[in-house]
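This is the structure I have questions about; it appears just below.
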Amino acid sequence: MEVLQCNRKLGQLRIIELEKPTLRGPDDVIVKVAFAGICGTDLHILSGEFSHISDKWVTISHEFCGVVEDIGDNVKNISVGDRVGVDPNRVCLSCKFCRRGQPQHCTNKGTNNDSTGVFCNGGMASHCVVLADQVHKLPDDVTLQQGVLCEPLSCLLQGWFRLQNSGCLQQDSRILVIGAGIIGYLWVSMLHHNGYRNVTVSEPSQGRRDILANLETGYKVLTPAEVEAEEVEKDSELDGFDVIIECSGFPPAIEKAVSWTGRGAALVIFGCSPRNKPINICPEEIYRKELMIIGCLINPFTFSKALKLASAMGERYLSYEKLGVKVFKLQEYEEALNQLRFGIISKAVFNLNNDLFFC
Ligand SMILES: [Zn+2]
Ligand SMILES: [Zn+2]
């Protein structure tokens with residue numbers, strides 16, 4: 001089978017021929033991949049920013065779904081023929097963090113060690129072997145195309161739950177979403193789906209702002225300069241944003257965002273920022289406003305909840321057309337990355353098996 005691989009040390013991608021995977025043990029599942037996505041994390045890996053991951057060639061995509069083709073003898077949670085989404089992150093349940101209920105910080109598995117599509121071969125192939133505990137059956141009303149979005153939605157839910165727990169999000173909150181890539185669109189969809197209406201989106205790219213209009217939320221969509229022009233007129237403490245969801249990962253944008261927060265606000269740091277790029281924040285401002293800065297890392301036990309969320313959101317929010325997601329063939333990866341980088345599309349999804357296109 002043909003696979004798309006990434007080497008973060010060389011900063012290169014390549015298509016090569018690999019043997020189709022077979023069951024390695026009794027807990028294995030072979031997934032025939034329908035769709036696999038590329039996300040911002042893959043672009044960060046490609047640019048060599050994640051020095052902790054392997055410098056070997058790895059088949060990319062940690063966001064994929066498909067149909068179960070084979071299962072090992074111990075596998076009970078799914079059957080051959082099931083339509084499934086795959087959680088790329090596993091947990092060990094025995095390290096200090098897992099035992100505290102913080103498996104996103106697991107020191108033995110997941111993002112530090114064995115995430116599928118990052119450390120081990122992922123979904124950009126006709127078939128992928130994973131472990132049974134990574135595989136979730138899709139609800140009947142969730143299409144395989146929507147199924148690809150369950151991984152990013154599971155990460156969003158981690159941010160969502162942490163924001164809810166902060167107590168800063170109120171029904172009448174004034175909310176700002178910074179950065180309108182696919183993650184920003186999904187946050188916008190999530191907020192609208194949950195009834196929040198006082199939302200502004202800040203995005204410098206015209207193309208991305210245009211895509212956002214397809215979601216028909218009625219939210220205000222502005223350039224960062226336009227947001228700044230509106231906010232300087234206000235007393236930020238009294239009328240600033242109550243919640244800012246930062247999806248750009250761009251340190252200067254985050255620094256600016258702090259000055260737009262009101263009293264009792266929360267700043268959710270969701271976008272993946274570069275390492276060793278600090279920002280200036282005055283601690284007195286954090287103290288005075290009781291500002292909450294909320295980090296959110298991957299998807300601890302949120303994947304199954306994301307399936308239900310995808311089912312509830314449906315085509316109203318998750319249609320590829322509305323979200324600016326485009327489907328490519330594996331061989332078109334260079335074109336896909338270019339369209340992604342130039343903001344022509346919000347996300348590139350690859351169809352790995354023709355016969356699963358409409359399942
Ligand atoms: Zn991702
Ligand atoms: Zn652990």
Side-chain angles (χ1 to χ4, degrees), residues 4 6 8 13 33 35-47 49-50 52-53 58-65 85-124 128 130-131 133-134 136 145-160 179 181-187 189-190 246-249 269-274 295-303 306-307 309-310 318 323-325 333 336-337 340-341 345-350:
L4 179 62
C6 171
R8 68 114 186 128
L13 291 168
V33 182
F35 296 98
I38 284 187
C39 87
T41 305
D42 298 304
L43 299 181
H44 286 287
I45 293 170
L46 190 58
S47 66
E49 282 166 42
F50 295 162
H52 67 291
I53 66 166
V58 176
T59 305
I60 59 167
S61 186
H62 55 272
E63 310 171 346
F64 60 100
C65 61
V86 177
D87 184 346
N89 301 308
R90 301 189 61 240
V91 296
C92 80
L93 300 179
S94 58
C95 73
K96 178 176 96 176
F97 296 104
C98 280
R99 288 187 163 176
R100 280 179 176 170
Q102 299 171 312
Q104 66 274 39
H105 301 294
C106 178
T107 49
N108 296 318
K109 301 273 174 199
T111 51
N112 287 309
N113 235 319
D114 69 350
S115 301
T116 303
V118 180
F119 292 89
C120 356
N121 287 341
M124 215 60 90
C128 182
V130 291
L131 286 149
D133 58 14
Q134 294 179 264
H136 297 252
Q145 296 207 3
Q146 293 166 348
V148 178
L149 301 172
C150 288
E151 195 275 341
L153 281 176
S154 72
C155 297
L156 232 78
L157 277 177
Q158 167 66 352
W160 185 255
I182 185 69
I183 291 298
Y185 298 145
L186 291 176
W187 269 105
S189 299
M190 180 88 158
E246 207 303 306
C247 307
S248 76
I269 304 290
F270 198 86
C272 192
S273 293
C296 11
L297 181 68
I298 63 164
N299 59 350
F301 300 127
T302 53
F303 204 97
L307 301 176
L309 177 64
L318 302 182
L323 291 171
V325 180
Y333 72 90
L337 285 177
L340 200 56
R341 286 193 179 109
I345 55 171
S346 69
K347 186 173 197 65
V349 163
F350 294 78

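Both ligands and their constituent atoms are indexed starting at 1 by order of listing.
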On a heavy-atom basis, the closest approach of Leu318 and Leu149 is O-CD1, 3.9 Å
Heavy-atom closest pair, residues Gln158 and Ile298
CB-O, 3.2 Å
Side chain to side chain contact (heavy atoms under 4.5 Å, CB included) with Cys6: of Ile38, Val118, Leu43, Leu46, only one passes, and it is Leu46
Angle subtended at the Zn ion (ligand 2) by SG of Cys92 and SG of Cys98, to 10 degrees?
120°
Where the Zn ion (ligand 1) is the vertex, angle from Glu63 OE2 to Cys39 SG to 10°:
90°
Any N/O/S atom, backbone or side chain, of Cys155 lying under 2.8 Å from the Zn ion (ligand 1)?
no
Whether the side chain of Ser346 engages the backbone of Leu323 through a donor-acceptor N/O pair (distance < 3.5 Å, no angle test) should be reported.
yes
